[in-house]
Every structure is written in structure tokens, then in C-alpha cells.
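Everything below concerns the one structure shown next.
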There are 2 protein chains.
Amino acid sequence: MTDSNIDLRVIRTKESIRDALIKLIDEKGFEAITVKDITTKAKINRGTFYAHYQDKFDLMKKCEEEIMLELSSIVKTKFPSVMASLKTESAAVQPFPHTVSVFEYLNENSDIMRAVLGPKGDLSFQVRLKEFMWETLYGDNPFAFVKEESLLVPGQYLSSYLGNAMLGVVQQWLNSGRKESPQEMARILTTITANGPLFAAGIKK
Amino acid sequence: MTDSNIDLRVIRTKESIRDALIKLIDEKGFEAITVKDITTKAKINRGTFYAHYQDKFDLMKKCEEEIMLELSSIVKTKFPSVMASLKTESAAVQPFPHTVSVFEYLNENSDIMRAVLGPKGDLSFQVRLKEFMWETLYGDNPFAFVKEESLLVPGQYLSSYLGNAMLGVVQQWLNSGRKESPQEMARILTTITANGPLFAAGIKK
DNA sequence: ATAATAAATAAACACCGTGTTGTTTATTAC
DNA sequence: GTAATAAACAACACGGTGTTTATTTATTAT
């Protein structure tokens, strides 16, 4: 067992498949990709692809599962403390620390993140990511954001509002070239959420 | 010229194609649909389909263009007055009238809206819809929301935040069975936006 | 009503991607 | 070195695509 009982060729093959996938999403969008496209670009035999994955959806799913695991571990380790401070000190103005961590992760993996979250990316992943955010905010966990008695609106809509807003800012950042730093992006997101969009727009005083 | 010089058969054919498309998106998602699926469900010959549309993407595009036109006409007629009142009276608490109109439109066309905006819908349409909202809020038009000098954050991110938040609430409403009335949904959306999500959540006083 | 016309149909076509299978070749672990 | 394993290669039937043909059917204009 040199590395972890895994043949080096497998690693090389899977890496070239993964690289080909990311390039192809950029070029023609996930929808239009064929398995043949992938194997041609990865310079492997088509049969080899089917030895590792069922189809292009299976490949995509396995790439995305890695992302989801890493993202959720970031959130899970840092989110509870954020929620606790929010509830006691009320209305933080500092960027939430877990938000900075998330943007740093997105920044380090920007190639694949831009591919899957971009306009030619994978809708099903975006849906799953939203569901994860929705659950984190509203679902059955002890630190759910939106579980107060004093809600002015139904919690499910507040969760959708916040989750989609945050993801939208992330997508805008990724698609416009990531000119701001993760710290700056976390500040932007926190400012809008803490003060409300109208205040952040300078309309409401 | 009885109606508009168009053969009645064409209308019937196009309607059954459109109905089949909506049903199929519900059943298996846009991505997995084949032209053969559509013609089988619509009970028409496959050649007839190609007499009207290039492929399933062309069909989808033409359905969506109708929606975009109707939606943008609602927004364009009502949005300027909303913006004017917002700027002078500051921070409305009443639902914006154009928001009610949009929800009413979505309610009347809920079958197709749920299909295209749902989790198995068409990503490219959702992207185009967001671009339209982004333009309305931030783009090159006299009533752009996010064009003040006193912005606390870059306008592009504020637009993304708001546009995605609103669309997210709409999708949540459509996917959870439209239990609230359009008026109620407009109130919810306005409340969160005007007061900010943290206030609406009861966290910030 | 009828003739002209437009649309829908059925059948066939080559083309391409799919997913699988059997065989050969290369690499790894022992 | 040898056995085990993975990759490469080639061939296969299958199904959807997009187009074209001749033919039938429905509609329009008169």
C-alpha cells in the first residue's frame, strides 16, 4: 500500500476525467457534455470511464459530494458560535467568521466552484446546496437561525430569502472574476444581512 | 383571416406540444426530456415537431420568451412609481403594488412557472430571469434601484442579493404548493426587504 | 360545395452517443 | 518473476436525432 491501496493509474485517470469535466463545463455547459467529450478530452478510453462512473451525472454527483462535505464541515464547526453570539449580542456588524472561511474555501477551489455554480453549471447541485442552506437556517438542528417565536414572516420564506441571497452574491463574485478578497466579501454579505438591503442601498436611513 | 391568418391545426399542435412539455418537466425534468417523449405525449408525429421547432431547446426558449415579455411588461408599468415613492417616502411597509401583480401572474400561470423555475426546471431560464432582475435593479435604466451614492456595499452585489432573494422566495412558494395568496406573499417579501432579514427573524430589535 | 392550399402523417435514412462485452496490453503488489 | 488488477482497444445492439419522401387529411378562401 504505497498511497492508500489505490493504483496510481486510477488516480491519474480520475484526475484527468475531473479536469476534463471542469474544462468542458466552461466550454459548452454541463447539459451539453457527452461521455465521449469527457473521454476524448481526458485522453482515455470510453470504456475506462464506465469502469469508474455510471454516467456523467454519477461523475458530477461524486465531484459535488466532496464539495458538500467540505462546505458543511466548515459551516458545522463555526456556525454554532456565530448563532450564539448573534442571539445574545444582537445584530453583529463584524463579518461572521464562518462566512470568511466559506469564501476562502470557494476562493481556493474557484475553478470547480465557478463551473458548477456558474450559468452553465449544474442545476441539481445548486438545488442541493440551497436545500443544505435552508436546512441550516430553518431545519431540524439546534442552531437553526429561523426558529424564533417573534418571526414577522413564515420561517420557510425567510430561509429561502437568506439562502438564495447569499448564494446569489457568491455566484456574482465567482462569475465576475473574484476581484474582492474573501474578507471583503464576508463584510459585504454581513452588512447587507445585518442592516437590510434598503439600508445598505442608502434608501432607508 | 378569421383569427390572424393562422391555421387552427397549428394552434392545436403547438398547444399540445406545450402541454406535453410542462407535464414532462414535472415527470422527469427538462434535462432528461427527448423530442420523442414530447411527440409521444402530445400524440403528434415527430416530423411535425421539427416543422415548428429546431429542437427541445428552441421550444423551451420560445415558451420562456412569452413569460419574460409578460413579466417585464408588468414590472415596467408599475416599477417606476414604486421607486419614486420609495425614494421620497422612504422605507415602505405596504407591499409594493408591482410585487402583488407579479405574484398574481405567477399564480395564474403556476403550471409552467413551477416547471421552469422548479428543481427540475431550466437553469438557463433562471439565469436569464436573474439577469433581468439584476438589470432592473442595477443596470442602465432611469429607475435602477441600486444607483445611490450612499451605498454601503458594491451595487452589483446588492442587486444579486436582492434579485436572488426574491426569486428564492418565489420558488419556495411555487414548490411548496402556493398556500399563501399573492397579496400575502407580496407582504412577506416586502417585510423582509424593508426591515432586513435579521429584524424579520426577530433577532435584531 | 369545391378547389387550392397548408398541415399532419408514416416510413425510411444516415448519423451519433450510449452502455456493454470480450480480448489484449501494461502496471502494480507480493 | 508471477499473479492480480486495471487500462486500452474494438466491436456490438440500441435508441434518439434531424431530415426527407410520398401520401393523407384538415382548413381556408372563393
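Proteins get letters first, then strands, A, B, ... in listed order; numbering begins at 1 in each.
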Minimum heavy-atom separation for [X] to [Y], with atom names?
X        : Y        : answer
A:Asp58  : A:His52  : OD2-O, 4.4 Å
B:Pro182 : B:Val100 : CB-O, 4.3 Å
B:Pro197 : A:Thr193 : CD-O, 3.7 Å

In this structure, how many angstroms lie between the [atom2] atom of [N] and the [atom1] atom of [X], rounded?
X       : N      : atom1 : atom2 : answer
A:Tyr53 : D:dA6  : OH    : C1'   : 15 Å
B:Asp7  : D:dT25 : CG    : P     : 17 Å
B:Arg12 : C:dA7  : CZ    : P     : 13 Å
A:Ile11 : C:dT28 : CD1   : P     : 10 Å

**Prompt:** Do other residues, nucleotides or ligands put more than 12 heavy atoms under 6.0 Å from B:Lys56 NZ?
**Reply:**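 Enclosed.
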Count the heavy atoms of every other residue, nucleotide or ligand shown that sit under 6.0 Å from NZ of A:Lys36, and state whether that count exceeds 12.
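Open: at most 12 neighbouring heavy atoms sit under 6.0 Å from NZ of A:Lys36.
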Practice problem: Quick one: list whatever passes ring-ring contact (aromatic ring centres under 6.0 Å, His included) with A:Tyr50, sequence neighbours left out. | Solution: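 A:Tyr50: no ring-ring contact (aromatic ring centres under 6.0 Å, His included) contacts found.
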Excluding sequence neighbours, so at least two apart, what forms ring-ring contact (aromatic ring centres under 6.0 Å, His included) with A:Phe125?
->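 None.
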| Between A:Glu31 (side chain) and B:Glu31 (backbone), is there a donor-acceptor pair under 3.5 Å? |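 It does not hold such a pair.
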Got a donor-acceptor contact below 3.5 angstrom from the B:Gln126 side chain to the A:Pro119 backbone?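 No: the side chain of B:Gln126 does not pair with the backbone of A:Pro119.
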Regarding A:Arg128 and A:Glu131, does a basic nitrogen lie under 4.0 Å from an acidic carboxylate oxygen?
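Salt bridge between A:Arg128 and A:Glu131, a charged N being under 4.0 Å from a carboxylate O: no.
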field: DNA chain C contacts among residues 33-44 of chain B, heavy-atom distance under 4.0 Å
entry: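 Close to the strand are B:Lys43, B:Ile44.
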Worksheet entry | Residues in contact with DNA chain C, drawn from residues 14-24 of chain A - heavy-atom cutoff 4.0 Å |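 Here the set is empty: none.
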request  = Answer yes if the ring centres of B:Tyr161 and B:Tyr157 are under 6.0 angstrom apart, and no otherwise.
outcome  =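 Not under 6.0 Å, so no.
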| task | Calculate, to the nearest 0.5 Å, the distance between atoms CG and OG1 belonging to B:Leu151 and A:Thr191 respectively. | result |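 The distance works out to 12.0 Å.
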| said: It should be established whether B:His52 places a side-chain nitrogen or oxygen under 4.0 Å from OP1 or OP2 of nucleotide C:dA8. | reply: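 Yes, such a contact exists.
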Notebook entry, point to check: Using the C1' atoms of five pairs at each end, what's the angle between the two axes of the helix from C:dA1-D:dT30 to C:dC30-D:dG1, to 10 degrees?
Noted result: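 End-to-end axis angle for the helix from C:dA1-D:dT30 to C:dC30-D:dG1: 40°, rounded to 10°.
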Q) Side-chain donor or acceptor of A:Asn45 under 3.5 Å from a matching atom on the base of D:dA7? A)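 Answer no: no donor N or O sits under 3.5 Å from an acceptor.
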### Task
Describe, in one word, how the ring planes of B:Tyr138 and B:Trp134 are oriented to each other, choosing from parallel (under 30°), tilted (30 to 60°) and perpendicular (over 60°).
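Ring orientation of B:Tyr138 relative to B:Trp134: perpendicular.
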* **Side chain of A:Thr13 (C-beta onward), nearest among D:dA7, D:dT27, D:dG18** =>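 Of the options given, the side chain of A:Thr13 lies nearest D:dA7.
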Between the protein and nucleotides 20-26 of chain C, which nitrogen or oxygen pairs come in under 3.5 angstrom?
none

